[in-house]
Amino acid sequence: MAINFLDLVTLYRKVDFQGSAEAEYCIENNAMLSLIENLTSSDNYILTRISLLGGNLQIGETVKLEITQPKVSIGWLYNSIDDFVEGDFLRTLPHNESSKKPYYIKSIDYYSEDDNNSNLIAAYKAIQKLLCRLESMSAYLDRNKFRIIFVAKQTFELHYDISKDLASFELLLEKCSKDLDGKVKIINDFCGWLDDGDTGKHLDVKKSILAVLLSDIQTPLKTFDIMDVVENIEFLYTSARGQLSIYLEDFKYEKFVQKLEENSEKFISRINDSVSKVLSQILALPIAAAAPVILKGRDSSSEVIIYIALLVYAVICYFALSTQKSVLNNLRDEVSDFDKQGKLPESLKERWDKEKVKISSLMDKQTHLYLTMNAVIYIAVVYSLYNISRSMPVFWSVILFILVIILSIAIYKKIKPKAPDPI
């Protein structure tokens with residue numbers, strides 16, 4: 001029958017320990033009888049380190065047992081909290097969950113897998129977790145000398161060999177156990193902050209901040225150890241968060257500056273493209289208008305066709321130019337709302353105002369170009385209509401003008417901006 005540490009704990013909690021190794025137990029039922037027979041068998045002794053010293057293995061009989069530390073591969077047995085702290089804390093690093101073994105403390109009847117922790121155990125686990133987090137933020141671990149190496153302004157060491165001053169560590173542990181909502185909570189919060197994934201991108205900065213702060217709280221000519229960190233935990237947590245916040249604000253500021261510059265360049269590029277896309281088409285209008293003169297001497301029907309083509313081309317240019325003007329108007333609205341939509345910090349508002357003046361000036365020039373090109377289009381339309389009417393009888397000229405007026409009104413209504421809905 002396979003044996004695990006929970007089987008041993010079941011017996012540990014039933015027996016009456018007489019000393020560090022001897023214990024007595026009155027066998028209550030078949031289940032406990034079978035358990036003791038299995039744990040004390042010669043085949044299992046190397047694993048359980050439990051032997052029968054006296055008494056008969058029968059229900060109702062009291063037996064004497066010798067119980068010592070079992071094979072460490074299945075778990076640890078401690079007589080007192082002092083033995084536990086001294087033995088377990090030094091095995092904390094390197095941190096590896098898979099290598100952790102369960103344990104049982106006789107004096108407080110505590111099993112490591114119990115759901116409820118005593119205040120003392122809760123405080124101990126918080127300090128142990130703090131040590132693991134500090135090691136993960138350090139430069140490297142010197143396991144042989146029980147020290148963590150940090151590099152800040154200069155290299156320094158954080159020692160965690162509490163066996164050299166066990167009494168002081170136990171006093172600190174006792175003090176923390178009475179302040180679970182104060183110091184222990186701060187320790188746990190600090191551990192959470194050190195392990196926070198939201199600032200994972202800035203882990204090196206966080207390590208640097210922590211190293212500098214730890215260096216600052218060192219006492220000259222005194223070994224710097226984990227107890228010093230616990231004593232100054234509130235200062236460390238508050239200062240570290242404050243310094244990281246300052247760094248993140250600066251980091252965000254740089255990101256905003258970059259965003260501002262990129263958007264400013266995009267606005268300028270889009271403004272340049274807005275009206276310039278149809279510039280070549282508009283510039284061709286004077287050449288198209290000159291074509292009839294160049295072709296003077298041909299029959300009048302050919303001349304009319306050329307003027308009609310010029311009129312159609314001018315109308316197409318007008319619609320193309322109107323579309324680009326709408327793009328320019330939308331860009332003007334985007335520029336006006338950018339500081340609100342982009343949520344720029346106040347420190348960048350002045351800089352954006354300067355950029356906006358530059359962009360607005362460029363938009364005004366593009367607007368002037370739009371008006372100039374529009375004038376060229378109107379002139380080309382009037383010129384085309386005039387020459388078409390000259391080449392046609394008066395009746396058809398009147399009909400043409402009426403159709404042009406009707407078409408213009410229809411186009412205007414189609415492209416006229418809609419009034420905003422009343423609020």
Salt bridge present between Lys14 and Glu28 (N-O < 4.0 angstrom) | yes

Asp225 side chain vs Met227 backbone, donor-acceptor pair below 3.5 Å | yes

Below 4.5 Å, heavy atoms only, C-beta onward: do Lys206 and Met137 meet side chain to side chain?
-> yes

Side chain to side chain contact (heavy atoms under 4.5 Å, CB included) between Ile105 and Ser80: does it pass, once the steps are laid out?
-> CA-CA 6 Å; Ile105 305 173; Ser80 65; 5.6 Å; no

Charged tip of Arg133 within 45° of Trp193 ring normal and under 6.0 Å | no

Are the side chain of Ser360 and the backbone N or O of Val357 linked by a donor-acceptor pair below 3.5 Å?
-> no

Do side-chain atoms of Asp7 reach the backbone of Ile3 as a donor and acceptor pair under 3.5 angstrom?
-> no

Got Asp114 and Asn116 here, is their nearest side-chain heavy-atom distance under 4.5 Å?
-> no

Specify whether Phe146 and Tyr160 have parallel, tilted or perpendicular ring planes, treating 30° as the upper limit for parallel and 60° as the lower limit for perpendicular.
-> perpendicular

Within 45° of the six-membered ring axis of Tyr237 and under 6.0 Å from that ring's centre, is NZ or CZ of Arg241 located there?
-> yes

Side-chain contact test, heavy atoms from C-beta onward, threshold under 4.5 Å: evaluate it for Leu11 versus Leu65 and give yes or no.
-> yes

Do the side chains of Asp82 and Glu170 get nearer than 4.5 Å, heavy atoms only?
-> yes

Short question: side chain of Gln18, backbone of Asp16 - any donor-acceptor pair under 3.5 Å?
-> yes

When the ring centroid of Phe156 is compared with that of Phe150, is the distance short of 6.0 Å?
-> yes

Residue that, paired with Ile187, satisfies side-chain contact (heavy atoms from CB on, under 4.5 Å) out of Leu130, Leu236, Val229 = Leu130

For the pair Lys145 (side chain) and Asp161 (backbone), establish whether a donor and an acceptor sit closer than 3.5 Å, ignoring hydrogens and angles.
-> no

Kindly say whether Val151 contributes a backbone atom to a donor-acceptor pair with the side chain of Thr155 at under 3.5 angstrom?
-> no

Using 4.0 Å as the upper bound for N to carboxylate O, is an ion pair formed by Lys175 and Glu231?
-> yes

Would you say the side chain of Ser208 lies within less than 4.5 Å of the side chain of Val205, judging by non-hydrogen atoms?
-> no

Look up atom CD1 in Ile81 and atom CD in Glu86, then write down how far apart they are to the nearest 0.5 Å.
-> 12.5 Å

Go through Phe224 and Leu214 one step at a time and tell me if the side chain to side chain contact (heavy atoms under 4.5 Å, CB included) criterion holds.
-> CA-CA 9 Å; Phe224 183 54; Leu214 290 174; 4.1 Å; yes

salt_bridge(Lys185, Asp179) N-O dist < 4.0 Å = no

Nearest-0.5 Å distance that lies between atom CD1 in Ile67 and atom OH in Tyr25 | 11.5 Å

Ring geometry between Tyr103 and Tyr78 (parallel below 30°, tilted from 30 to 60°, perpendicular above 60°) = perpendicular

Are the side chain of Glu61 and the backbone of Asn56 linked by a donor-acceptor contact shorter than 3.5 Å?
-> no

Ser138 versus Leu158: any side-chain heavy-atom pair under 4.5 Å?
-> no

Side-chain contact, heavy-atom cut-off 4.5 Å: Ile27 with Ile36?
-> yes

Without swapping roles, check the side chain of Thr238 against the backbone of Phe235 for a donor-acceptor pair under 3.5 Å.
-> no

Answer yes or no: is there a donor N or O on one side and an acceptor on the other, between the side chain of Asn44 and the main chain of Leu47, under 3.5 Å?
-> no

Polar side-chain atom of Asn38 near backbone of Ser41 as donor-acceptor pair, under 3.5 Å | no

